[in-house]
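Comments concern the structure below.
Everything numeric in this text was worked out from a predicted model, so none of it was measured. The basis for the numbers below is simple: all heavy atoms, side chains too, and nothing from hydrogens, waters or symmetry mates. Sequence lines set the chain letters: A, B, ... in the order given, protein chains first and strands last, and positions in each chain run from 1.
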There are 2 protein chains.
Amino acid sequence: MTDTNKFFKSAFSVDNVIFGFDDSDLKVLLIKRGEAPFAGKWALPGDLVYPNEDLDTAAGRVLEELAGLKNVYLEQVHTFGSVNRHPLGRVITIAYFSLVRIDAYNPISSSTMAQSVHWMSVEKVQEVKDLAFDHNDIFHACFQKLQRQVRSRPVGFELLPPKFTLTELQHLYESVLQTELDKRNFRKKILSMDILVDLKEMQAGVAHRPAKLYKFDQEGYNKAVAEGMSFELKESKPKRDAEKKKEVLASHF
Amino acid sequence: MTDTNKFFKSAFSVDNVIFGFDDSDLKVLLIKRGEAPFAGKWALPGDLVYPNEDLDTAAGRVLEELAGLKNVYLEQVHTFGSVNRHPLGRVITIAYFSLVRIDAYNPISSSTMAQSVHWMSVEKVQEVKDLAFDHNDIFHACFQKLQRQVRSRPVGFELLPPKFTLTELQHLYESVLQTELDKRNFRKKILSMDILVDLKEMQAGVAHRPAKLYKFDQEGYNKAVAEGMSFELKESKPKRDAEKKKEVLASHF
DNA sequence: GTAATTAGTGTAAATCATACACAAATTGCA
DNA sequence: TGCAATTTGTGTATGATTTACACTAATTAC
């Protein structure tokens, strides 16, 4: 199947779609390239994988070098390997996404890689059609994966600060799913999952009724996962007849 | 991000978990290796990617060289790149799975790669713990992916002959999901999806009441997909109290 | 103290999933 | 010829889940 003397000049890199959540906006960390190819274009952070480095390690390294963050949630998404995707040679790239708390973000200015780093909202990224290389495709694949993930894992907890309100959590889900959710149904559901702890604390300094604060219950989550629980989400928009039809088909054997 | 002079001696391969369905058994195509490393061990079919070849093309080529099959359903699953996964050098591999009809399988005996090729049932593969390289991990990842896929795409149609009975289709689903399904509920559901055409033909030559034959309705499927339909499956085993609890959590916002 | 703002809460109706049993159609064989 | 064996094909009632929806409570700013 493999034969070392068939090796040819090639390399592999990792690229990382780093998601953060900030003031009701889901954002992605991009770098403005200073050098050719694609000088001046926005690109996803990435790097070649070192000879003695596992792929996941390389993706983690990129994140650490760029944002000073260790041990964040990281997931491999897809490998992009079109022959001509890189102008300087045959370079395939393994795409990852990661979830970070923007409030913990700690840019290392001395990074040689970071010419100009920017948290861009996903809406904006979706409008920028000329990211470097095939990074539009990579972003798209990773965002889609996140949207699927959020339905089966309470992915939100990596993105929010340690204490948060139910409204903040709901807004996070709405940003990820790019849809609106019904407040009462959302609360009913998420509370029934037994993955939140009511901190018996209140929000302070807001010009309206203060909200209760919650934290993520790691134990409750582990138990739920062990029991094979899945976390599903559905939008709450009013359904018209045409839309209702779909749902008939979406049901189960 | 990348710099051609940083290239080091490395390569990438594709490995392919080829699923087929035969007499109520889901099977995988394996090759018995004739040469070191791992001589005598079962391995997944794969090959190095050629310098001017896209990844998907390479995966398709492996399939064509080995089984004489073109244009089959092929999907990238995961990339495996542990530093020491290959004894002869740094070789990462991009894993694919494909779905083929065993009745269309057409082995090319002159293939230099094929020492000994065998369709092994997934149950058996799950018991064989010493596939070559990290192929146990690769198989596992691909089978899991198939199990997820089958819930959101009518994946079965690539695996069955053009005309089939509902019972055959049900057995296929049961093999993939490794569970039993309720006959009446399965039929109700799959027929409601509008992806099957009743051929108004009957099975012949069976020593019992003959079943109706169906074919896959490509148009109906395309339409359903366009409408954002999802195809979900659930097992039909009796639920005891402990199990019922999970389902409460599995519901939707 | 009043306006503005957001938090927090319950219920009824519709839909969907599940559990379950028997008659019909064919072949093989006595 | 007909009876045993086998598999097909079909409907309904129950419980669970999802959905839609509106008002009161708590706070700040002025």
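- For the salt bridge (Lys or Arg N to Asp or Glu O under 4.0 Å) condition, the pairs that include at least one residue of residues 207-217 of chain A, sequence neighbours left out, are A:Asp198-A:Lys212.
- Atom CG of B:Leu191 and atom C1' of D:dG11 are 14 Å apart (whole Å).
- Here A:Thr165 lies out of heavy-atom contact (under 4.0 Å) with every strand.
- Per the geometry, CZ belonging to B:Phe186 stands 16 Å off C1' belonging to D:dT10, to the nearest Å.
- Taking only side-chain atoms of B:Arg187, from C-beta outward, the nucleotide of C:dT27, D:dT18, D:dT10 with the closest atom is D:dT10.
- A distance below 6.0 Å separates the ring centres of B:Phe164 and B:Phe157.
- Here the C1' atom of nucleotide D:dT8 and the CG atom of B:Asp198 are 13 Å apart, to the nearest Å.
- Distance from the side chain of A:Arg184 is smallest to C:dG10 among C:dG10, C:dC20, C:dG8.
- A donor and an acceptor atom, one from each side chain of A:Arg187 and A:Ser192, are nowhere located under 3.5 Å apart.
- Salt bridge absent: A:Glu158 and A:Arg101 never bring a charged side-chain N and a carboxylate O closer than 4.0 Å.
- Side-chain contact, B:Glu168 with B:His171: no donor N or O sits under 3.5 Å from an acceptor N or O.
- At whole-Å resolution of the value, CD in B:Gln170 and C1' in D:dT7 are 12 Å apart.
- Considering only side-chain atoms of A:Thr167, the nucleotide from C:dA7, C:dT27, D:dA26 that sits closest is C:dA7.
- Put simply, CG on A:Leu181 is 13 Å from C1' on D:dT19, counting in whole angstrom units.
- Residues B:Trp42 and B:His135 place their aromatic rings such that the two centres sit no closer than 6.0 Å.
- The base of D:dT19 is paired with the side chain of A:Lys188 by a donor and an acceptor separated by under 3.5 Å.
- Axis angle across the helix from C:dG1-D:dC30 to C:dA30-D:dT1, with five pairs used at each end and values rounded to 10°: 0°.
- Spacing between atom CD of B:Glu180 and atom P of C:dA17 amounts to 20 Å, rounded to whole angstrom units.
- At a cut-off of 3.5 angstrom, the base of C:dG8 holds no donor-acceptor pair with the side chain of A:Lys212.
- Side chain of B:Lys183, nearest nucleotide from C:dC20, D:dT10, C:dT9: D:dT10.
- Of the side-chain N and O atoms in A:Arg209, none sit less than 4.0 angstrom from OP1 or OP2 of C:dG8.
- B:Asp182 has its CG atom 14 Å from the P atom of D:dT8, to the nearest Å.
- Mapping A:Met202 and A:His208 onto DNA chain C by nearest heavy atom places A:His208 at the nucleotide closer to the 5' end.
- With no hydrogens or angles considered, no side-chain donor-acceptor pair links A:Arg148 and B:Ser152 at under 3.5 Å.
- When rounded to the nearest whole Å, the span between CD of A:Gln203 and C1' of C:dT6 equals 9 Å.
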